[in-house]
Amino acid sequence: MRIGYPCINRAVGCSSASTFRLRSYSARRLADSVASNLACLKRVIEWNRDRGIGFFRITSDLVPFASHPVCTYPWQRRFRADFERLGRLVRRCRMRISMHPDQFVLINALDPRVTRRSVRELAYHARVLDLMKLPLAAKLQIHVGGLYGDKPAGIARFAKNFRLLPAPVRRRLVIENDDRSYTVSDCLEVHRLTGVPVLFDSFHHALNSSGQSLREALWLCIRTWRRRDGPPMVDYSSQQPGARRGAHAEHVDIRDFRRLLAAAPSSNIDIMLEVKDKEQSAIAALVSCRP
DNA sequence: AGGTGTCAAGCGTCC
DNA sequence: GGACGCTTGACACCT
């Protein structure tokens with residue numbers, strides 16, 4: 001089992017997500033940002049490796065505006081060697097990598113222009129993982145998408161558009177149950193139609209349940225992962241006491257976290273802690289698992 | 001140097 | 001119809 005955290009490391013003292021405003025776009029600005037982001041990403045991966053953290057989500061801001069028409073800079077060619085070096089580092093320490101394109105990415109949008117932009121954005125994410133030469137176990141996780149007042153139609157549209165995705169995207173894509181629209185059962189239906197693995201989010205399941213117990217939902221999702229997809233990924237977070245329902249906790253609640261571990265059928269899963277203090281909670285969770 | 005309004009993209013919810 | 005939240009953090013302009 002590997003434990004990880006998303007995107008930002010507050011301890012290492014640099015950011016791999018530095019960006020700028022669209023108005024300030026220039027080839028120079030982009031190249032400088034990417035160079036600085038990649039240098040920081042290397043430091044973060046080494047930081048994780050040295051502390052036994054084997055799972056990490058790379059920020060979508062690694063290459064700012066990568067899928068925007070304004071970005072004509074050949075960043076893939078310019079930074080090819082840097083991506084390859086990073087990929088070698090990741091593979092050497094057997095680290096698991098994921099990415100999570102943000103809420104604007106909708107495979108099942110009603111507006112075909114939105115879907116088109118989403119595919120471009122997904123292609124950028126897949127390109128990053130491909131440039132690093134990471135195995136297919138390095139995944140892109142998204143939600144099923146918009147509801148538009150008709151869930152069965154939303155699921156059908158996802159399944160239809162999934163088949164049209166470029167292969168580099170399709171083979172890395174996984175879907176995650178979300179906190180208000182598509183439940184674990186809905187995601188399992190999408191899996192039945194498309195074969196796409198389901199990433200179980202324990203907090204979202206608690207907020208937007210389809211009736212299964214934690215254990216049952218976890219097992220059902222785990223079964224959707226094939227060997228080539230790598231160990232099933234799971235997102236974990238908990239409610240911040242006193243905050244808005246759905247607000248992520250400041251720090252991991254170790255007792256709650258252990259409930260998730262106890263529900264798992266084996267240790268062959270990778271768990272991402274979506275907690276505000278990021279690497280600190282990952283370390284705390286790791287320590288709690290040690291005998 | 002420090003304060004703060006605002007930032008590419010879309011949905012659903014609440015007012 | 002508009003503000004807000006979503007993995008929010010940090011950019012960029014203001015004083």
Side-chain angles (χ1 to χ4, degrees), chain A residues 4-10 12-26 29-30 32-33 36-37 40 44 55-72 98-125 140-151 153-155 157-158 161 176-183 186 199 201-204 207-208 233-240 243-252 271-282:
Chain A
Y5 62 97
C7 305
I8 292 168
N9 178 308
R10 296 179 202 265
V12 76
C14 65
S15 168
S16 58
S18 72
T19 181
F20 46 87
R21 296 286 105 95
L22 182 56
R23 291 210 318 266
S24 337
Y25 180 91
S26 70
R29 189 73 192 265
L30 181 84
D32 288 350
S33 294
S36 138
N37 287 344
C40 181
V44 172
F55 190 18
F56 184 67
R57 184 185 299 163
I58 293 177
T59 176
S60 295
D61 280 334
L62 195 67
V63 182
F65 304 104
S67 73
H68 191 284
V70 77
C71 182
T72 53
S98 67
M99 295 183 84
H100 192 336
D102 66 27
Q103 68 272 21
F104 309 109
V105 170
L106 298 167
I107 300 284
N108 74 349
L110 282 172
D111 181 342
R113 289 170 304 177
V114 172
T115 307
R116 217 157 32 234
R117 281 196 291 269
S118 298
V119 173
R120 277 174 63 95
E121 178 72 354
L122 284 165
Y124 146 64
H125 283 78
L140 300 177
Q141 65 183 95
I142 60 169
H143 300 294
V144 177
L147 218 45
Y148 308 96
D150 185 349
K151 190 182 278 186
I155 290 175
R157 212 160 43 245
F158 184 101
N161 292 341
E176 172 192 352
N177 58 304
D178 68 71
D179 60 349
R180 44 180 38 141
S181 307
Y182 293 92
T183 63
D186 299 327
L199 186 157
D201 185 308
S202 62
F203 190 35
H204 291 167
L207 293 165
N208 183 27
M233 290 177 172
V234 173
D235 275 0
Y236 166 83
S237 56
S238 62
Q239 174 69 38
Q240 170 69 20
R244 190 197 77 257
R245 177 179 149 89
H248 287 192
E250 199 62 45
H251 188 71
V252 63
I271 305 179
M272 176 140 304
L273 272 70
E274 291 191 325
V275 180
K276 293 227 170 100
D277 69 0
K278 312 279 183 186
E279 79 286 347
Q280 293 201 39
S281 281

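Just so it is clear: chains get the letters A, B, ... in the order the sequence lines come, proteins before strands, and each one is counted from 1.
Nucleic acid contact class of A/T19 (heavy atoms, under 4.0 Å, all strands): sugar-phosphate only. In this structure, A/Y148 reaches the sugar-phosphate backbone alone: every heavy-atom distance under 4.0 Å involves primed, P, OP1 or OP2 atoms, never a base. Counting any heavy atom pair closer than 4.0 Å across all strands shown, A/R116 reaches no nucleic acid atom. Here A/R10 lies in heavy-atom contact (under 4.0 Å) with sugar-phosphate atoms only. In this structure, A/R57 reaches neither bases nor backbone, as no heavy-atom distance under 4.0 Å exists between it and the strands shown. Using a 4.0 Å heavy-atom cutoff across all strands shown, A/D111 reaches no nucleic acid atom at all. Residue-level contact check: A/R21 touches the bases, meaning some heavy atom is under 4.0 Å from a base atom. Among the protein residues, A/E274 comes within range of no part of the nucleic acid, since none of its heavy atoms lies under 4.0 Å from any strand.
Each of A/F104 and A/A17 was matched to the nucleotide of DNA chain C holding its nearest heavy atom; the match closer to the 5' end belongs to A/F104.
By the salt bridge (Lys or Arg N to Asp or Glu O under 4.0 Å) test, A/D32 pairs with A/R28, sequence neighbours left out.
For A/R117, a side-chain nitrogen or oxygen approaches OP1 or OP2 of B/dG10 to under 4.0 Å. For A/S24 and C/dA12, the shortest distance from a side-chain N or O to OP1 or OP2 is below 4.0 Å.
The OH atom of A/Y124 sits 16 Å away from the P atom of B/dA8 (whole-angstrom rounding).
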Which dot-bracket string describes DNA chain C (Watson-Crick N1-N3 plus N6-O4 or O6-N4, or G-U N1-O2 and O6-N3, all under 3.5 Å; [ ] crossing; | other strand)? ||||||..|||||||

